[in-house]
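Quick note: numbers below take in every heavy atom, side chains included, and nothing from hydrogens, waters or symmetry partners. Residue numbers start from 1 in every chain, and the chains themselves are labelled A, B, ... in the order their sequence lines are given, proteins ahead of strands.
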Amino acid sequence: MPTLRPHTPADYDLRRDCCSYGYFLLAPNSWDPRTCTLWRPLRTSEGVFLTHTAQPRGPGTTLRIGITGRPGAAARREIAAQITRMLRLDEPHETLRAFHTLDPRWAPSGRGRLFRSPTLFEDVIKTVTSCNVTWPSTVTMNRRLCDVLGRPGQPPARLKAPLSVRDFPTASALSRARPASLRARCRVGYRDARIVELGKRFARLKGGIDAAWLENPSTPDDAVFDALIDLPGIGPYAAANIMQLMGRYRRLPLDTESVRHGRSILNMRGTPAAIMKRMAAHYAPFGEHAFRSYWLELWDFYESKHGPAWTWERDTTGRMFTAALLNKQP
DNA sequence: GGTAGACCTGGACGC
DNA sequence: GCGTCCAGGTCTACC
């Protein structure tokens, strides 16, 4: 079986850094808590390959990416690049150090890298499927999108892959879907036409967007925010969330979870709108790392309820990790 | 510029 | 098993 050894930062801890944001629980990602392995089908120019990424020698050692099938040199490079994006293996050490200097609470644990998707498009769709729904619906929508529109990869011959080997649908595949079919088969509800339109924009079929420009670090935050908020289904919350997934942490995606956090942990009082204003002011001193400080506080709360995220089973704890649901747990 | 109501789904709850 | 209520962010119409 082909194996890749991507460049791995000296402080990298797969358990900590992969299980750091809810998207690691969404299809087609699959974290196996027993083996501490991330399973994930990835699309390349040579087809879809099922990968599994582990850190067999423990934190701080080189990751190993096992690949089912026979990828050529180009496909291997594409797989390594996608895993690097998902796990933020290329995040400069100085950036993390700057974050830990600004917010020393996370220096001892080394936290700061937040999981994301292999492509900006997948992060955008995952964000849209997380709006105006409870987390279990987000889980269902992503699983169905993969089952219905993802291309199958080669299943492993001997290894037991925990889940489906279908990848996440491409922009092109979603641009060709019929809204009614998306609604009926993927349970995306009123998001149907918006998702198809996003597929068209990212496939650059109609009013196409320039993903390279969006992802270019020299593009100003405000310009990125304005471009994102122009997209269908993307409002202030979604735009800010997509920005943090792009590594732009200055804006906070404020939602009902933020209000819950403001009230219960930070002892803020007032209407939801007033609390959101106070939340923005509260984290403003963390500047370009504001979201990381905010998110790690939230994540800490979730883990205080149900143990370290790397132990969460996708189909049990992983379906109920928002505070509203966790608070109902015994 | 601010606000009210519709949009959909799935889970919780009561009967 | 069925009906009702509720949570959730975006969008549009309206003031």
Side-chain angles (χ1 to χ4, degrees), chain A residues 21-23 25-27 121-149 174 177-202 207 209 222 224-246 251-264 270-280 291 294-295 298 301-302 305-306 312-330:
Chain A
Y21 190 69
Y23 290 4
L25 295 161
L26 297 181
F121 178 67
E122 184 176 329
D123 275 335
V124 169
I125 299 299
K126 278 185 158 51
T127 298
V128 168
T129 63
S130 74
C131 288
N132 201 28
V133 282
T134 51
W135 182 251
S137 296
T138 304
V139 171
T140 300
M141 281 186 238
N142 278 273
R143 180 169 45 77
R144 293 199 182 198
L145 282 170
C146 295
D147 287 349
V148 173
L149 289 161
L174 283 171
R178 284 182 24 246
S181 170
L182 267 189
R183 180 180 294 221
R185 300 181 70 192
C186 304
R187 317 300 292 168
V188 298
Y190 65 89
R191 299 164 196 79
D192 54 0
R194 297 173 191 175
I195 289 174
V196 172
E197 180 64 24
L198 284 168
K200 287 179 181 167
R201 302 266 188 110
F202 273 81
I209 68 159
D222 287 348
V224 172
F225 185 81
D226 289 346
L228 289 172
I229 213 160
D230 268 352
L231 296 173
I234 308 294
Y237 163 82
N241 194 57
I242 293 164
M243 287 180 73
Q244 68 84 5
L245 291 160
M246 295 165 82
R251 285 172 190 266
L252 296 186
L254 295 169
D255 59 2
T256 50
E257 278 293 283
S258 319
V259 175
R260 193 267 323 149
H261 186 72
R263 284 205 174 112
S264 62
T271 63
I275 288 179
M276 284 189 187
K277 266 192 173 176
R278 283 185 203 139
M279 290 288 282
F291 177 77
Y294 159 74
W295 181 254
L298 236 67
F301 171 79
Y302 299 150
K305 292 281 182 184
H306 260 278
W312 298 353
E313 299 275 358
R314 190 172 90 165
D315 294 329
T316 54
T317 310
R319 283 185 72 85
M320 55 181 64
F321 83 90
T322 55
L325 294 165
L326 281 172
N327 283 337
K328 290 181 183 165
Q329 298 304 297

Distance in angstrom units between [X] [atom1] and [N] [atom2], rounded:
{"X": "Arg191(A)", "N": "dT10(C)", "atom1": "CZ", "atom2": "P", "answer": "11 Å"}
{"X": "Ile229(A)", "N": "dG9(C)", "atom1": "CD1", "atom2": "P", "answer": "14 Å"}
{"X": "Arg185(A)", "N": "dT9(B)", "atom1": "CZ", "atom2": "P", "answer": "15 Å"}
{"X": "Ile195(A)", "N": "dT9(B)", "atom1": "CD1", "atom2": "C1'", "answer": "13 Å"}
{"X": "Arg260(A)", "N": "dC6(C)", "atom1": "CZ", "atom2": "C1'", "answer": "18 Å"}
{"X": "Leu228(A)", "N": "dC11(C)", "atom1": "CG", "atom2": "P", "answer": "12 Å"}
{"X": "Arg183(A)", "N": "dC8(B)", "atom1": "CZ", "atom2": "C1'", "answer": "7 Å"}
{"X": "Lys126(A)", "N": "dG8(C)", "atom1": "NZ", "atom2": "C1'", "answer": "19 Å"}

Review point. What pair of heavy atoms forms the shortest contact from Met276(A) to Asp255(A), and how long is it?
Key: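 What the structure gives for the nearest pair is CE-O, 3.7 Å.
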
Check your understanding: Looking only at heavy atoms, which two atoms of Tyr21(A) and Phe291(A) are closest? And how far apart?
Key ->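 Taking Tyr21(A) first and Phe291(A) second, the nearest heavy atoms are CE1-CZ, 4.3 Å.
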
Check your understanding: Ser137(A) has a side chain; which of dT10(C), dG8(C), dG10(B) sits nearest to it?
Key ->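 The closest nucleotide is dG10(B).
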
**Study point:** Options dC7(B), dT10(C), dG10(B), nucleotide nearest the side-chain atoms of Asn132(A)
**Key:**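 Of dC7(B), dT10(C), dG10(B), dC7(B) is nearest to the side chain of Asn132(A).
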
Check your understanding: Should Arg260(A) and Glu257(A) count as an ion pair when the cut-off is N to O under 4.0 Å?
Key ->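 Here Arg260(A) pairs with Glu257(A) in a salt bridge, since their nearest N and O are under 4.0 Å apart.
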
Check your understanding: Is any side-chain N or O of Tyr190(A) under 3.5 Å from a base N or O of dG9(C), one able to act as donor and the other as acceptor?
Key ->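 Flag set: donor-acceptor pair detected.
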
Check your understanding: Think Thr256(A) has a side-chain N or O under 4.0 angstrom from the OP1 or OP2 of dG8(C)?
Key ->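 Result: yes.
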
Check your understanding: Given dG10(B), is OP1 or OP2 found less than 4.0 Å from the side-chain N or O atoms of Arg187(A)?
Key ->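 So the side-chain polar atoms of Arg187(A) do come within 4.0 Å of the phosphate oxygens OP1 or OP2 of dG10(B), strictly under.
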
Practice item. Answer yes or no: are there more than 12 heavy-atom neighbours, outside Arg185(A) itself, under 6.0 Å from its atom CZ? Key: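 No, because the 6.0 Å sphere around CZ of Arg185(A) holds 12 heavy atoms or fewer from other groups.
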
